[in-house]
Amino acid sequence: MAKSFQKLHYSLFLVLSISLTLLTITKAKTNNFSRTLTPSSLGLKREKLSHLHFYFHDIVGGPNTTTVRVAQAAMTNTSSTFFGAVVMMDDPLTIQPELSSKLVGRAQGIYASASLSELGFLMVMNFAFTEGKYNGSTLSVLGRNTPLSTVREMPIVGGSGLFRFARGYAQARTHTIDSDVAVVEYNVYVFHY
């Protein structure tokens, strides 16, 4: 009887152990959706604040245009604010206000007229850098731009390359504007690793 009880006890222990192991494995698999990491586990060093300064050239007319309207509403052409216009851009970024100065990158993305009452754009763009240590890195901007304001501030919501985990803001000031070209001075302040 003792041997029978011992075998039963061993069998129950074995079944319980296997069940617990399977339950643990199943639970571990379902919890792999996320985990907490330290920045150093990704090779990230100390966070720093960088200031970038450049000029943005939005060329809307002439033979070397860098923008194209890709959509508009039925009312866009009668609206004083061009409400509903959606424009794709690939604008040069230079170190001086002259287009002939050194190219440091491109502003690539979309701006859309999003205000009925004033000239106000929704800006969705990447600053794609092509020069120096930031070559191949990008900063992503998503925000409101009222181009008739003296200074506009737009958030930096992310980045890539040397700007991974970026956050900050971009200040824009119109340097010059005519019927074909708007030159905008940008000061960008960004935290990154």
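Using a 4.5 Å cut-off on side-chain heavy atoms (C-beta onward), F82 and L119 make contact. Counting only heavy atoms from C-beta outward, the side chains of N187 and H51 approach each other to under 4.5 Å. Contact check for I110 versus M123: no side-chain heavy atoms found under the 4.5 Å cut-off. Residues I156 and L142 have side chains not in contact (no heavy-atom distance under 4.5 Å, counting atoms from C-beta outward).
Annotation: side chain to side chain contact (heavy atoms under 4.5 Å, CB included) contacts of A71 (sequence neighbours excluded): V86. Take S41 and apply the side chain to side chain contact (heavy atoms under 4.5 Å, CB included) test, not counting sequence neighbours, and it matches L37, T38. Residues that satisfy the side chain to side chain contact (heavy atoms under 4.5 Å, CB included) test with F165, not counting sequence neighbours, are L42, L44, Y193. For F127, the ring-ring contact (aromatic ring centres under 6.0 Å, His included) partners at least two apart in sequence or on another chain are F54, Y186. Taking H192 as the reference, F163 meet the ring-ring contact (aromatic ring centres under 6.0 Å, His included) condition, with sequence neighbours excluded. Taking R167 as the reference, E47 meet the side-chain hydrogen bond (donor to acceptor under 3.5 Å, both in side chains) condition, with sequence neighbours excluded. Contacts of T81 classified as side chain to side chain contact (heavy atoms under 4.5 Å, CB included), with partners at least two apart in sequence or in another chain: S79, F83, S113.
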Below 3.5 Å, can you tabulate the donor-acceptor pairs from side chains in residues 169-176 to any protein atom, sequence neighbours excluded?
residue	atom	partner	partner atom	Å
T174	OG1	R152	NH1	3.2
T174	OG1	R152	NH2	3.2

*Apply side-chain contact (heavy atoms from CB on, under 4.5 Å) to T67 and M88, showing your working.*
CA-CA 6 Å; T67 65; M88 184 70 63; over 6 Å; no
*Could you walk me through whether N126 and S140 pass side chain to side chain donor-acceptor pair (under 3.5 Å), step by step?*
CA-CA 4 Å; N126 290 314; S140 298; 2.7 Å; yes
*List the steps, then state whether side-chain contact (heavy atoms from CB on, under 4.5 Å) holds for V188 with L139.*
CA-CA 10 Å; V188 178; L139 287 172; 3.9 Å; yes
*Should M75 and L116 be marked as a side-chain contact (heavy atoms from CB on, under 4.5 Å) after you check the CA-CA gap, both sets of side-chain angles, and the distance that decides it?*
CA-CA 11 Å; M75 67 178 288; L116 285 166; 3.7 Å; yes
*Criterion side-chain contact (heavy atoms from CB on, under 4.5 Å) on V87 and V68, from CA distance to verdict*: CA-CA 6 Å; V87 177; V68 63; over 6 Å; no
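Pairs engaging residues 124-136 under the salt bridge (Lys or Arg N to Asp or Glu O under 4.0 Å) rule: K102-E131 [sequence neighbours left out]. Counting only residues at least two apart or on different chains, the ring-ring contact (aromatic ring centres under 6.0 Å, His included) pairs with a member in residues 85-112 are Y111-F121. Residue pairs meeting the salt bridge (Lys or Arg N to Asp or Glu O under 4.0 Å) criterion with at least one member in residues 104-117, sequence neighbours excluded, are D90-R106.
Annotation for N135: atom CG counts as buried by contact number, over 12 foreign heavy atoms lying within 6.0 Å. The number of heavy atoms from other shown groups lying within 6.0 Å of CZ (R164) does not exceed 12.
With 3.5 Å as the limit, one finds no donor-acceptor pair spanning the side chains of T66 and H57.
Under the 4.5 Å side-chain heavy-atom criterion for Ile, Leu, Val, Met, Phe, Trp and Tyr, L148 and M154 are members of the same hydrophobic cluster. Under the 4.5 Å side-chain contact rule for hydrophobic residues, L52 and L162 share a cluster.
Residue I59 shares its hydrophobic cluster (ILVMFWY side chains chained together at separations under 4.5 Å) with Y55, L99, V181, V183.
With hydrogens and angles ignored, the 3.5 Å screen pairs no side-chain donor or acceptor of S149 with any backbone N or O of V151. One N or O on the side chain of S101 and one on the backbone of Q96 form a donor-acceptor pair closer than 3.5 Å.
Between atom CD of residue E118 and atom OG1 of residue T146 there is a gap of 5.5 Å, rounded to the nearest 0.5 Å. Note that the CG atom of L93 and the CZ atom of F56 stand 7.5 Å from one another [nearest 0.5 Å]. Taking CG of L103 as the reference point, atom OG1 of T94 lies at 7.5 Å (rounded to 0.5 Å).
P155 and G143 get closest at one heavy-atom pair: CD-CA, 3.9 Å. Taking all atoms of both residues into account, the shortest heavy-atom contact from S160 to S137 is O-CB, 3.4 Å.
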